[in-house]
Amino acid sequence: MAVSSTLCPKLSASAAGGFASSFQCRSDPSGNHHQTRPGGFSSSSSRVKSVGVHGSFLTGGGGAGYGMSSSLILKFPPNFVRQLSNKARRNCSNIGVAQIVAAKWSDNSSTGSAAAAANAAAAASPAVPAVEESVELIAGANGPVVDGLDRKGDVQDLTNNLTYGSFLSSDGSIAVHAGERLGRGIVTDAITTPVVNTSAYFFKKTAELIDFKEKRHVSFEYGRYGNPTTAVVEEKISALEGAESTLIMASGMCASTVLLMALVPAGGHLVTTTDCYRKTRIFIETMLPKMGITATVIDPADIESLKNALNEKNVSLFFTESPTNPFLRCVDIELVSKLCHEKGALVCIDGTFATPLNQKALALGADLILHSATKFIGGHNDVLAGCISGSLKLVSEIRNLHHVLGGALNPNAAYLIIRGMKTLHLRVQQQNSTGLRMAELLEAHPKISCVYYPGLKSHPEHDIAKKQMSGFGGVVSFEVDGDLETTIKFVDALRIPYIAPSFGGCESIVDQPAIMSYWDLPRAEREKYGIRDNLVRFSFGVEDFDDLKDDVLQALAAI
């Protein structure tokens, strides 16, 4: 598994939303209960001024201070007709995941004046599709609930009237608004998405539970199967990746391991690359063999070895990072996807170093794209998460196993990712610029023996990177001209970056992989993976370039 000598040319010759929104929480002195929602949605009068179902047994006077009776504080519509949108279908699965359901008043005469009021409000705005404020984001945990819902009337499509592409032309805008300004399942006039802290979802009657079990009613049912806040994250990432569906999990390693177990059958075979995150390698080399799964490990640029493995083995999956960790090698995604698909093998790219902004692996032909959202997507060194995006069919297969194994993302962590993604394009733009400029500076410095960065012409896959990436990221790996102690002296002389694992956050981070990730192995074993004592991985944050440059130069001057 030795690393190719071409790596270093310098060294070689080369629901919860509908619940809240249908409460009566405040009065409107004007009596006007109809307003147009962002994205062209119309919220009809779901704040009805009649006595609600809770008024018969909740009699506290807490609402009086707001100029309304207590019976108006908690308010449910008396009847729903649940309507499934296309966006919901992008996130459904065999044992359930977030579905966006538009709820509207029933035409049943038993709803009386409340239904009449809602219908009248909708009729007042014929040019805008009416969607009640009582919109629920719920899931079918026992099967894909696309048809067979207990609904009356036609299905209302919440997405075709105004798509992201019709008015958002950049990934940056999509990262800010996807899953929120359009089609948010939690109806609220708050700009930010609420955090829904619940571990379970209730059923109003046993009959509703039976309907759920028989796939006539949809619900998250249990926190492990989905959450309205995490569903917003999934929608954002799907929009950026151009994916039908996204699954968010508790960490990047959780995403990787569940994906491998779900898509490679017992006794199956996969192909991966020499350069990769060490914990992923450990799982492939030590855990998968217990399931009878074997692996062929190739150099990222070795297309002939890939062809041989595809011809000689019954390969289920080609799994690799691009760029890789820590040498930032790049795989020709379009070419390997073509070769693998000809032999019936799937392709999954871990694009954590690239981000969804610098590289669109699905558009290049990959079947799945994986990210450690802990890194650039979260972007603030304050949250752990992982995600997988792709076709609904494949993501659903992975989701099925995920629901069994657990590893669900906490909704508070989901909120942090939503917040982080709104500055993703700004952060990545700065990190792309700093990364390239610092790589060029380091390559020209006499105390640096080798630099690994796909934006450099000296990088072995520079041409591939230029073809499939719009930016090269904020992580630069390089080798100091010296031994372990000299490299330690350089790292310790730096004043801006933290010595820590991880990368992709606002704060710069530096580490020596030989110590941070491979210290438990003897030097000879480390070097089999190309991890030399003088290797440094530097993740540049969003600090000013000149400050970072001055810091690196003074640290190099100290050795």
Side-chain angles (χ1 to χ4, degrees), residues 1-5 7-11 252-253 274-282 321 323-329 352-353 372 374-376 381 431 434-435 438-439 441-454 456 458-459 473-541 543 548-559:
M1 200 179 292
V3 176
S4 169
S5 61
L7 278 180
C8 184
K10 202 166 180 180
L11 295 180
M253 273 307 299
T274 51
D275 193 32
C276 67
Y277 178 51
R278 189 186 176 199
K279 293 299 188 295
T280 306
R281 179 187 293 118
I282 289 172
E321 302 162 10
T324 61
N325 183 16
F327 294 109
L328 303 162
R329 302 291 302 278
T352 300
F353 277 85
S372 172
T374 306
K375 312 303 192 297
F376 289 100
N381 293 316
Q431 289 164 312
T434 298
M438 289 301 304
L441 182 151
L442 289 165
E443 189 173 46
H445 199 283
K447 292 185 179 180
I448 299 298
S449 60
C450 187
V451 179
Y452 307 98
Y453 188 73
L456 295 176
S458 59
H459 190 277
V475 179
V476 180
S477 294
F478 54 92
E479 292 174 359
V480 174
D481 188 11
D483 58 11
L484 180 70
E485 294 302 321
T486 302
T487 308
I488 290 173
K489 187 176 181 181
F490 163 73
V491 170
D492 288 349
L494 291 165
R495 294 175 292 205
I496 292 177
Y498 292 93
I499 301 173
S502 199
F503 57 89
C506 291
E507 301 87 357
S508 290
I509 285 178
V510 67
D511 76 83
Q512 288 175 256
I515 299 174
M516 185 67 73
S517 302
Y518 289 85
W519 194 242
D520 59 308
L521 296 180
R523 179 180 297 165
E525 289 295 314
R526 297 197 295 264
E527 291 186 351
K528 286 182 180 178
Y529 301 107
I531 307 299
R532 302 181 180 88
D533 288 346
N534 61 343
L535 178 65
V536 175
R537 190 185 71 178
F538 205 131
S539 170
F540 293 101
E543 301 95 345
L548 288 166
K549 179 188 72 173
D550 292 346
D551 192 29
V552 169
L553 291 177
Q554 67 82 24
L556 286 170
I559 61 176

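Only a predicted model underlies this, so the values are computations on that prediction, with no experimental measurement involved.
- E321 places a side-chain N or O within 3.5 Å of a backbone atom of Y277 that can act as its donor or acceptor partner.
- Side chain of K447 to main chain of I559: a donor-acceptor pair is present (N/O by atom type, distance under 3.5 Å, no hydrogens or angles).
- At least one donor-acceptor pair closer than 3.5 Å links the side chain of S539 to the backbone N or O of G504.
- Minimum heavy-atom separation, L494 to Q554: CA-NE2, 4.1 Å.
- Atoms NE2 and CG, on H445 and L556 in that order, are 4.5 Å from each other to the nearest 0.5 Å.
- Here the straight-line distance linking atom CD1 of I515 with atom CD1 of I531 works out to 12.5 Å at 0.5 Å rounding.
- Inter-residue side-chain proximity for I499 and D492 is flagged as met; some heavy-atom pair is nearer than 4.5 Å.
- L328 and V476 make their closest contact through CD1-CA, 4.3 Å (heavy atoms, listed as atom of the first residue, atom of the second, distance).
- Distance check, rounded to the nearest 0.5 Å: CZ of R523 to CH2 of W519 gives 8.0 Å.
- To the nearest 0.5 Å, the span separating CZ on F353 from CG on N325 amounts to 3.5 Å.
- Put simply, the side chain of D481 does not reach to within 4.5 Å of the side chain of N534, judged on heavy atoms.
- Counting only distance, with no hydrogens or angles, the side chain of E543 and the backbone of S508 share a donor-acceptor pair below 3.5 Å.
- Of the possible polar contacts, one joining the Y453 side chain to the G473 backbone as a donor-acceptor pair under 3.5 Å is found.
- Considering only heavy atoms from C-beta on, T274 stays 4.5 Å or farther from T324 through its side chain.
- Summarising the geometry of A500 relative to D511, their closest heavy-atom pair is O-CB, 3.6 Å, with the distance given to 0.1 Å.
- Side-chain contact between F503 and T352: present, with at least one pair of heavy atoms (C-beta onward) separated by less than 4.5 Å.
- In this structure, the side chain of R329 does not engage the main chain of D275 through any donor-acceptor pair within 3.5 Å.
- Listed for the Q431 side chain is a donor-acceptor partner under 3.5 Å among the backbone atoms of G505.
- The aromatic rings of F478 and F490 stand perpendicular to each other, their planes meeting at an angle above 60°, with 30° marking the opposite boundary.
- Between the side chain of D533 and the backbone N or O of D483 there is no donor-acceptor pair closer than 3.5 Å.
- K489 places a side-chain N or O within donor-acceptor distance of the main-chain N or O of A558, the cut-off being under 3.5 Å.
- A donor-acceptor contact shorter than 3.5 Å is absent between the side chain of T487 and the backbone of V480.
- Taking CG from L442 and OG from S449, the interatomic distance works out to 11.0 Å, rounded to the nearest 0.5 Å.
- Rounding to the nearest 0.5 Å gives a distance of 8.0 Å between CZ of R281 and CZ of R278.
- When every heavy atom of C506 is checked against every heavy atom of N381, the shortest pair comes out as N-ND2, 4.3 Å.
- Evaluated for a side-chain hydrogen bond (donor to acceptor under 3.5 Å, both in side chains) with Y452, the options E443, E479, H459, R537 yield exactly one hit, E479.
- Side-chain contact between M438 and F538 is absent, with no heavy atoms from C-beta onward closer than 4.5 Å.
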